[in-house]
Amino acid sequence: MANHNGTSLKDIRSFLSNKRVALVGTSTDHKDFSRVLFREFLQRGYDVIPVNPAASCLEDRHCYAKISDIQPAVEGVLIMTPPAVTEDVVRECVEIGIRDIWLYRAAGQGAVSANAVSYCKEHKVNLIEGHCPMMFFEDAGLVHRLHRGIKKLLGTYPK
């Protein structure tokens, strides 16, 4: 059973089983949460690829301007862009055959846009609509365990 937006725990586990993922919207600011999340994926053994057209190297890794530039291709894409950019990113992902897409959201709208969600559903993408990946790591830190607990209490945690 899925939560209110259709994302199931099975979908999330499927996404997190991909070991080569791109993080679109990785910030050039070392202190930005996207960088914290990027480093967390690296520490957990993921081959994570930064995507930001304004950078050439982030966290000592080559940074790409767009998803289609990455060779070899990634298995999944975590999107942390403003909603106005998200639709273009999901279209590019679908065009090159990426079927696992996560639209990041911890609070507020995050990367989620109605058009991007509709496009993903129309193209049968395994879509994680919202949520923060940190909540779903078994040994998450205290803040992320609390976030998970609150979502469970509110009935918004995926099942």
Side-chain angles (χ1 to χ4, degrees), residues 5 7 11-145 147-148 158:
N5 69 14
T7 297
D11 296 332
I12 290 167
R13 288 187 179 129
S14 174
F15 183 94
L16 292 175
S17 72
N18 294 315
K19 290 304 177 187
R20 184 168 165 80
V21 297
L23 198 158
V24 180
T26 308
S27 176
T28 57
D29 178 356
H30 185 75
K31 295 178 182 175
D32 187 83
F33 185 73
S34 65
R35 293 288 287 276
V36 172
L37 187 54
F38 188 91
R39 290 188 293 270
E40 184 70 24
F41 270 92
L42 281 175
Q43 289 170 358
R44 291 177 178 277
Y46 286 83
D47 181 12
V48 61
I49 312 297
V51 179
N52 180 333
S56 60
C57 184
L58 294 170
E59 300 295 330
D60 295 325
R61 297 185 65 103
H62 180 74
C63 187
Y64 293 84
K66 55 189 183 173
I67 297 290
S68 55
D69 291 340
I70 301 171
Q71 292 301 323
V74 294
E75 300 165 310
V77 175
L78 173 60
I79 302 173
M80 296 184 78
T81 59
V85 177
T86 301
E87 189 175 352
D88 289 338
V89 177
V90 299
R91 285 181 185 280
E92 183 183 8
C93 289
V94 169
E95 284 171 15
I96 63 172
I98 294 170
R99 309 312 289 172
D100 280 333
I101 298 175
W102 189 312
L103 304 181
Y104 174 86
R105 175 174 52 215
Q109 190 171 0
V112 178
S113 87
N115 287 343
V117 169
S118 294
Y119 186 84
C120 286
K121 288 180 179 177
E122 181 182 316
H123 289 86
K124 310 275 189 269
V125 167
N126 175 36
L127 177 66
I128 312 304
E129 183 185 338
H131 305 295
C132 174
M134 296 280 232
M135 260 192 331
F136 301 98
F137 292 133
E138 293 299 319
D139 55 347
L142 178 61
V143 170
H144 307 291
R145 290 195 318 268
H147 190 191
R148 178 171 54 211

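Keep in mind that the numbers below use all heavy atoms, side chains included, and drop hydrogens, waters and symmetry copies.
- Judged by distance alone, the side chain of Tyr46 and the main-chain N or O of Glu40 form no donor-acceptor pair under 3.5 Å.
- With rounding to the nearest 0.5 angstrom, the SG atom of Cys120 is 11.0 Å from the CG atom of Asn115.
- Put simply, the side chain of Pro158 reaches to within 4.5 Å of the side chain of Ile12, judged on heavy atoms.
- Listed here is the closest heavy atom pair of Val51 and Ala22: CG2-CB, 4.0 Å.
- Two residues are said to be in side-chain contact when any heavy atoms from C-beta on lie closer than 4.5 Å; Val112 and Val117 meet this criterion.
- Of all heavy-atom pairs between Ile49 and Phe38, the closest is C-CE1, 3.8 Å.
- Here the side chains of Val94 and Tyr119 are in contact, with some heavy-atom distance below 4.5 Å.
- Among residue pairs with one or both ends in residues 52-74, those qualifying as salt bridge (charged side-chain N to carboxylate O under 4.0 Å, His left out) are Arg35-Glu59, Arg39-Glu59, Asp47-Arg61; sequence neighbours excluded.
- Looking at heavy atoms from C-beta onward, Met134 lies in side-chain contact with Phe33 at the 4.5 angstrom threshold.
- Every residue meeting the side-chain contact (heavy atoms from CB on, under 4.5 Å) condition with Pro133, not counting sequence neighbours, appears here in chain and number order: Leu37, Phe41, Leu78, Trp102, Tyr104.
- Residues Ile79 and Val85 fail the side-chain proximity criterion, which asks for heavy atoms closer than 4.5 Å.
- Interatomic distance, Ile67 CD1 to Asp88 CG, rounded to the nearest 0.5 Å: 12.0 Å.
- Rounding to the nearest 0.5 Å places CZ of Arg105 at 6.0 Å from CD of Glu129.
- Between atom NE2 of residue His123 and atom NZ of residue Lys121 there is a gap of 14.5 Å, rounded to the nearest 0.5 Å.
- Every residue meeting the salt bridge (Lys or Arg N to Asp or Glu O under 4.0 Å) condition with Arg91, not counting sequence neighbours, appears here in chain and number order: Glu87.
- When the side chain to side chain donor-acceptor pair (under 3.5 Å) test is applied to Ser34, the partners found at least two apart in sequence or on another chain are Asp32.
- Residues meeting the side chain to side chain donor-acceptor pair (under 3.5 Å) test with Asp100, sequence neighbours left out: Asn18, Asn126.
- Every residue was checked against the side-chain contact (heavy atoms from CB on, under 4.5 Å) condition with Ser118, not counting sequence neighbours, and none meets it.
- Applying the side chain to side chain donor-acceptor pair (under 3.5 Å) test to Thr81 and every residue at least two apart in sequence or in another chain returns Thr86.
- Every pair passing ring-ring contact (aromatic ring centres under 6.0 Å, His included) that includes a residue from residues 64-95 is listed here, sequence neighbours excluded: His62-Tyr64.
- Applying the salt bridge (Lys or Arg N to Asp or Glu O under 4.0 Å) criterion to Asp139, with sequence neighbours excluded, gives Arg44.
- In this structure, Val21 and Val74 have side chains that are not in contact, with every pair of non-hydrogen atoms separated by 4.5 Å or more.
- When all heavy atoms of Ser113 and Pro83 are compared, the closest pair comes out as CB-O, 3.7 Å.
- Note: Phe136 CZ to Ile128 CD1 = 8.0 Å, rounded to the nearest 0.5 Å.
- Applying the side chain to side chain donor-acceptor pair (under 3.5 Å) test to Ser68 and every residue at least two apart in sequence or in another chain returns Glu92.
- For the atom pair CD of Glu75 and OG of Ser17, the computed distance is 7.5 Å after rounding to the nearest 0.5 Å.
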